[in-house]
Enquirer: 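Here you go, one structure.
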Amino acid sequence: MNEDAISIAPSTPSITSPVSDHNPSPAIPPPRPASVASLAVSVARSQRRGLFSSLTLIPEVTTPTNYPRRTKWIITALIAVAAAAAPMGSAIILPVLIEIEREFNSTATITNLNVAVFMLAMSIFPLWWSSFSETFGRRTIYLVSFALFVLWGVLSAISTNIAMLIVMRVLSGGAAASVQAVGAGTIADIWEPKERGRAMGLFYLGPLCGPLFAPIIGGAMGERLGWRSTQWFLVIYGGLALLGLLFGLPETLKKRRDVIKEAEEEAIQRTTSRNRNGVAEEVDVEKTAGEDAKPNPQRPVLLTRVSTRQSVQIKTRKYVSIIRRIFLDPLLILAYLRYPAVALTVYYAGITFGCLYFLNISVQSTFSSSPYNFTTLIVGLTYIPNSLGYVIASFFGGRWIDHIMHREARKAGRYDSKGKLMFRPEDRMRENAWIAAVLWPGALIWYGWTADKGVFWFVPMLANFFFGVGSMLIFALSTTMLTEFMSRRASSGIAINNFVRNIFSFTGAFVAEPIIRAIGNGWIFTILGLWSLVSGFAVIWIMRTQGDKWRRKMGEGGI
């Protein structure tokens with residue numbers, strides 16, 4: 001049986017199986033179909049979920065993992081294109097920061113806020129986008145957020161002062177960031193764990209192609225048409241992505257949360273509890289719960305009258321509960337950082353991302369000044385090497401990680417009763433993680449001293465290529481692990497990851513320029529490189545020794 005036939009068979013994700021690790025003799029699996037196209041049961045057009053769902057060319061199905069492989073790759077590619085919008089928005093402005101500074105008569109530190117606050121918005125807004133996607137569905141959130149991205153992009157392009165530009169950039173970054181959290185949730189909706197590494201590699205190609213092409217586009221357009229043309233480019237890109245999502249993306253969330261029903265039940269429960277505690281208010285529980293509520297013989301029923309005041313009280317509590325669930329509860333997902341496996345994975349991804357934005361600011365400031373004195377267009381081209389590293393690692397890194405997962409599961413003899421391999425998130429941290437943990441911190445130190453001493457430009461650029469390869473391996477690794485440690489809340493896991501790593505990137509983008517000016521590229525990147533090297537070794541070692549125990553405490557299927 002070929003690997004594709006196995007990988008597309010519909011099944012429960014194997015990381016949730018409770019079978020012991022010590023079962024080396026797999027049962028012979030039953031025959032599986034070579035294609036699942038016939039198992040993908042379409043939902044009637046009138047019953048599809050999501051905003052303007054009747055317009056989708058790809059039908060919604062009852063079980064998203066049953067989509068044919070070709071359809072899964074189309075959806076993944078579409079999400080990857082949309083995911084490029086946010087990092088493109090942060091990177092396209094890098095080559096034109098000096099032009100913005102001159103036009104608005106600002107300082108370098110204030111102008112760099114255009115990058116920093118964009119990243120800050122990308123860290124905070126996904127907390128709500130992730131929560132909203134569990135309530136309203138993935139499709140609706142994509143469409144609403146990209147419509148807002150286009151609107152804020154227009155206002156950024158016509159900004160009349162630096163303050164207006166920064167505010168519009170905050171809103172623009174927050175809107176585009178929806179895909180950073182919800183996109184990984186969509187990937188988890190349609191792909192099983194055994195192929196998720198490969199799918200995540202393609203998904204991350206979008207966000208990483210943004211930094212590849214955006215500085216080139218920004219440099220070329222900024223030199224010929226001015227910095228405002230970069231914002232108009234984002235408007236056009238966002239509009240095209242919006243059209244692609246409108247006509248090409250079906251709803252993939254298996255089941256939505258019913259926030260209104262949850263709020264009603266909470267209001268009734270609280271009112272009933274107050275009555276039982278002697279509060280001088282009465283409520284007809286059966287009537288309040290609804291005409292078709294089923295009586296519970298285990299619960300005493302209060303057959304009393306309902307006053308207008310009591311009815312208003314229940315409705316008020318209901319609305320307060322809805323507001324709390326929509327606007328405040330999303331912040332509670334940060335509580336998942338109490339799980340060591342989640343916290344360490346997010347921390348390592350965070351410092352990697354923070355160093356990336358130290359590097360981005362350094363490239364812009366270093367190569368636009370002496371001894372290099374590159375033009376705006378050439379400065380844009382200097383961002384190519386690390387982005388090429390991202391692309392290469394995306395193509396081969398995902399396949400490598402999937403191969404490691406299969407190898408480790410076979411080596412441990414982890415098979416379920418149907419003969420399926422059982423995968424563990426911590427298996428993804430093997431030789432790939434050790435290589436990456438050395439590669440990108442070493443590349444930082446290499447870049448720092450060669451740029452500091454004004455060495456021929458090709459030498460620091462080569463260092464940036466290896467930084468791109470190493471850091472991309474960590475990005476793909478951490479994202480995929482989080483969707484498995486938090487398999488029931490994949491979007492929340494990615495939202496936490498985005499929150500932490502973009503806080504690091506916000507800090508990096510904000511403080512990089514004054515620190516580099518104070519101590520130079522050599523020392524700052526040596527400090528960052530050594531910190532990252534020690535952190536990487538510590539995280540990988542701890543995850544390899546403690547990951548199994550932590551995962552069991554969280555539950556075999558994740559939290």
Side-chain angles (χ1 to χ4, degrees), residues 87 90-99 101 108 112 115 208-224 352-394 435-474 508-509 511-533:
S90 68
I92 199 170
I93 204 170
L94 290 171
V96 296
L97 288 175
I98 293 177
E99 283 75 6
E101 179 183 344
N112 284 343
V115 179
L208 294 174
C209 277
L212 169 60
F213 296 112
I216 302 172
I217 296 169
M221 297 186 72
E223 190 168 278
R224 292 177 178 272
T352 310
F353 215 66
C355 289
L356 166 62
Y357 275 83
F358 264 95
L359 189 61
N360 284 344
I361 294 298
S362 172
V363 166
Q364 188 275 331
S365 62
T366 300
F367 289 94
S368 61
S369 58
S370 180
Y372 299 103
N373 295 316
F374 289 167
T375 64
T376 301
L377 175 60
I378 302 301
V379 168
L381 295 175
T382 60
Y383 290 93
I384 290 179
N386 54 343
S387 297
L388 283 177
Y390 299 148
V391 173
I392 290 173
S394 293
I435 291 172
V438 174
L439 190 59
W440 69 267
L444 281 178
I445 299 173
W446 173 0
Y447 165 82
W449 285 110
T450 54
D452 188 80
K453 301 303 180 182
V455 177
F456 179 58
W457 63 267
F458 180 80
V459 180
M461 291 299 100
L462 185 61
N464 287 355
F465 169 80
F466 288 109
F467 173 86
V469 172
S471 59
M472 177 57 202
L473 289 174
I474 298 302
V511 306
E513 197 271 338
I515 292 179
I516 292 171
R517 193 168 58 242
I519 65 176
N521 281 305
W523 285 114
I524 184 57
F525 284 106
T526 298
I527 293 170
L528 292 175
L530 292 176
W531 174 30
S532 302
L533 187 68

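Values in this document were obtained by computation on a predicted structure and should not be read as measured data.
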Enquirer: Is W531 close to T526 at the side-chain level, that is, under 4.5 Å between some pair of heavy atoms?
Expert: no

Enquirer: Kindly indicate whether the side chain of L94, heavy atoms from C-beta on, has any atom under 4.5 Å from the side chain of I361.
Expert: yes

Enquirer: For S90 versus P87, what's the shortest heavy-atom pair and its separation?
Expert: OG-O, 2.8 Å

Enquirer: Tell me yes or no: between the side chains of N521 and T366, is some donor less than 3.5 Å from an acceptor?
Expert: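 There is such a pair between these side chains.
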
Enquirer: Is the closest side-chain heavy-atom distance between S368 and N373 below 4.5 Å?
Expert: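 They are not in contact (no side-chain heavy atoms under 4.5 Å apart), so the answer is no.
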
Enquirer: When rounded to the nearest 0.5 angstrom, what is the spacing between CD1 in I474 and CD1 in I435?
Expert: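 Taking CD1 in I474 and CD1 in I435, the distance rounds to 10.5 Å.
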
Enquirer: Can W457 and T382 be counted as having a side-chain donor-acceptor contact under 3.5 angstrom?
Expert: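 The criterion, which ignores hydrogens and geometry beyond distance, is not satisfied for T382 and W457.
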
Enquirer: Just verifying a value: how many Å separate I527 CD1 and S532 OG, rounded to the nearest 0.5 Å?
Expert: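 The CD1 atom of I527 sits 11.5 Å away from the OG atom of S532.
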
Enquirer: Is there side-chain contact between F467 and L356, with at least one heavy-atom pair below 4.5 Å?
Expert: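 Yes, side chains in contact.
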
Enquirer: Could you check whether W440 and W446 have their ring centres less than 6.0 Å apart?
Expert: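 No.
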
Enquirer: Do the side chains of I445 and L533 get nearer than 4.5 Å, heavy atoms only?
Expert: no

Enquirer: Parallel, tilted or perpendicular: which describes the rings of Y447 and F367, with under 30° parallel and over 60° perpendicular?
Expert: tilted

Enquirer: How close do G454 and P371 get, counting heavy atoms only, and between which atoms?
Expert: CA-CG, 3.9 Å

Enquirer: What heavy-atom pair brings A443 and A463 nearest, and what distance separates the two atoms?
Expert: CB-O, 3.2 Å

Enquirer: Ignoring hydrogens, what is the shortest heavy-atom contact between I524 and G520? Give both atom names and the distance.
Expert: CG2-O, 3.2 Å

Enquirer: To the nearest 0.5 Å, what is the distance between CD1 (I93) and CD (Q364)?
Expert: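 Result: 10.5 Å between the selected atoms.
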
Enquirer: Mind listing the closest non-hydrogen atom pair of P441 and A436 along with its distance?
Expert: CD-O, 3.8 Å

Enquirer: I'd like to know if the side chain of S362 and the backbone of F358 have a donor-acceptor N/O pair within less than 3.5 Å.
Expert: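 Not a single qualifying donor-acceptor pair exists.
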
Enquirer: Does any non-hydrogen side-chain atom of S471 lie less than 4.5 Å from one of Y390?
Expert: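 Side chain of Y390 against side chain of S471, heavy atoms only: contact under 4.5 Å found.
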
Enquirer: Are more than 12 heavy atoms from other residues, nucleotides or ligands located less than 6.0 Å from atom CH2 of W449?
Expert: yes

Enquirer: Would you check if V469 and L388 make a side-chain contact, meaning some heavy-atom pair closer than 4.5 Å?
Expert: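 Answer no - side chains too far apart.
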
Enquirer: Within the 4.5 Å heavy-atom criterion, are V96 and E223 side-chain neighbours or not?
Expert: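 The answer is no; the side chains never approach within 4.5 Å.
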
Enquirer: Taking atom CZ as the centre, does F458 end up with more than 12 heavy-atom neighbours from other residues, nucleotides or ligands that are less than 6.0 angstrom away?
Expert: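 Count not over threshold, so no.
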
Enquirer: I need the minimum non-hydrogen distance between P385 and M461, along with the two atoms involved.
Expert: CB-O, 3.2 Å

Enquirer: Could you state the interatomic distance from CG (L359) to OH (Y357), rounded to the nearest 0.5 Å?
Expert: 11.0 Å

Enquirer: Which distance, rounded to the nearest 0.5 Å, do you find between the CG of L444 and the CG of L528?
Expert: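 Spacing of CG (L444) from CG (L528) equals 6.5 Å.
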
